[in-house]
Structures are given as C-alpha cells and as structure tokens.
Amino acid sequence: MPSYGVYTAIYQLLYTSFNCNMDSNTMACGLAGGLSGLISWALIMPFDVVKSTLQSDSLTDPKYKGMFDCFRKNYRQYGWTFFFRGISITTIRAFPVNYIMFVTYEEFKCHCL
C-alpha cells in the first residue's frame with residue numbers, strides 16, 4: 001500500500017510540473033505516467049525484493065526471522081546490489097505500462113466527467 005502512495009504522489013507532482021490538464025496533449029500526461037512508474041519502482045524495489053525473498057523462504061525451516069533479519073543478512077552477504085535484482089526488466093516494463101495506463105485514465109476522466 002505505501003508504494004501506491006509514492007506512485008500517486010510522484011504522478012501528481014509530475015502531472016502538475018508538466019502542466020497536464022484535460023486540454024493538454026497526451027504526450028505530456030503519458031510522460032508523467034511513465035516517469036512516475038520508473039521512479040516509484042526505483043524507490044520501492046528494495047522492499048519488493050525483500051518481500052519476494054520472504055515469500056520464497058521455507059515455511060518449515062525459514063532462513064529469516066522477519067523483514068529486518070532478511071534485509072540485514074542479505075545486505076551483509078551481497079551488499080546493496082541484492083536489493084535491486086530485477087530492476088532492469090522492471091523499469092523497461094514500467095515506463096510503457098504506466099504511460100498507457102495514465103493516458104487511458106486521463107482520457108476516461110475527461111470524457112466521463
């Protein structure tokens with residue numbers, strides 16, 4: 001849930017910065033959406049990696065006692081790079097997906113209100 005707050009806040013900030021409104025061009029609103037996806041994923045990626053690591057841990061013989069233990073053990077063993085595994089494919093996907101999603105959102109908002 002906090003990631004959606006970050007995501008929405010970044011979109012709103014960029015939306016305002018790019019002067020997007022119901023009459024503005026689609027490209028500016030799409031750019032705000034695409035960049036909000038990229039930035040939010042970059043910020044939340046470490047938490048997502050820890051979440052996925054905990055989800056794949058054994059239920060009968062767990063390696064980790066919780067989120068902080070998982071963070072600490074993996075940081076000591078792998079360093080910061082551990083927390084950004086998968087960032088390249090995630091960001092490659094994030095821009096076009098969020099571009100299209102927010103353009104669609106803005107178009108529906110314009111025509112439905």
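- The backbone N or O of Ser88 sits less than 3.5 Å from a side-chain atom of Thr91, completing a donor-acceptor pair.
- Hydrophobic clustering keeps Phe108 apart from Val97 (ILVMFWY residues linked when any side-chain heavy atoms are closer than 4.5 Å, directly or through intermediates).
- In this structure, Leu43 is a member of the same hydrophobic cluster as Leu14, with clusters built from ILVMFWY side-chain heavy atoms closer than 4.5 Å.
- Note that CD1 of Ile44 and OG1 of Thr90 are 9.0 Å apart. Values are rounded to the nearest 0.5 Å.
- Counting heavy atoms from C-beta outward, Leu35 and Tyr99 have side chains that stay 4.5 Å or more apart.
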Apply side chain to side chain contact (heavy atoms under 4.5 Å, CB included) to the pair Asn98 and Leu38, showing each step before the final yes or no.
CA-CA 9 Å; Asn98 290 285; Leu38 285 174; over 6 Å; no

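- We find the CE-OG distance between Met45 and Ser40 to be 11.5 Å, quoted to the nearest 0.5 Å.
- Within a 6.0 Å sphere centred on CZ of Phe47, heavy atoms belonging to other residues, nucleotides or ligands number 12 at most.
- Residues Tyr64 and Asn74 bring a donor and an acceptor atom of their side chains to less than 3.5 Å of each other.
- Rounding to the nearest 0.5 Å gives a distance of 10.0 Å between CG of Asn19 and SG of Cys29.
- Contact of the Tyr75 side chain with the Phe82 side chain is not registered, since no non-hydrogen atoms from C-beta on lie closer than 4.5 Å.
- Phe83 CZ to Cys70 SG: the interatomic distance, rounded to the nearest 0.5 Å, is 7.0 Å.
- In this structure, Phe102 has its ring center at least 6.0 angstrom away from the ring center of Tyr15.
- Atoms CG and OG, on Asp57 and Ser52 in that order, are 12.5 Å from each other to the nearest 0.5 Å.
- For the pair Arg85 and Tyr78, the distance from NZ or CZ to the six-membered ring centre is under 6.0 Å and the angle to the ring normal is within 45 degrees.
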Full working for side chain to side chain contact (heavy atoms under 4.5 Å, CB included) between Leu31 and Phe95:
CA-CA 8 Å; Leu31 187 60; Phe95 189 88; 3.9 Å; yes

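- Note: the hydrophobic cluster containing Val6 does not contain Ile87 (ILVMFWY, side chain heavy atoms under 4.5 Å, direct or indirect links).
- Using a distance-only test at 3.5 Å, with no hydrogens or angles considered, no donor-acceptor pair links the side chain of Thr8 to the main chain of Gly5.
- Placement of Val50 and Trp80 within a single hydrophobic cluster is found when ILVMFWY residues are connected by side-chain heavy-atom separations under 4.5 Å, directly or transitively.
- The shortest distance between side-chain heavy atoms of Val49 and Phe84 does not fall below 4.5 Å.
- Taken from NZ in Lys73 to NZ in Lys65, the straight-line distance is 6.0 Å, to the nearest 0.5 Å.
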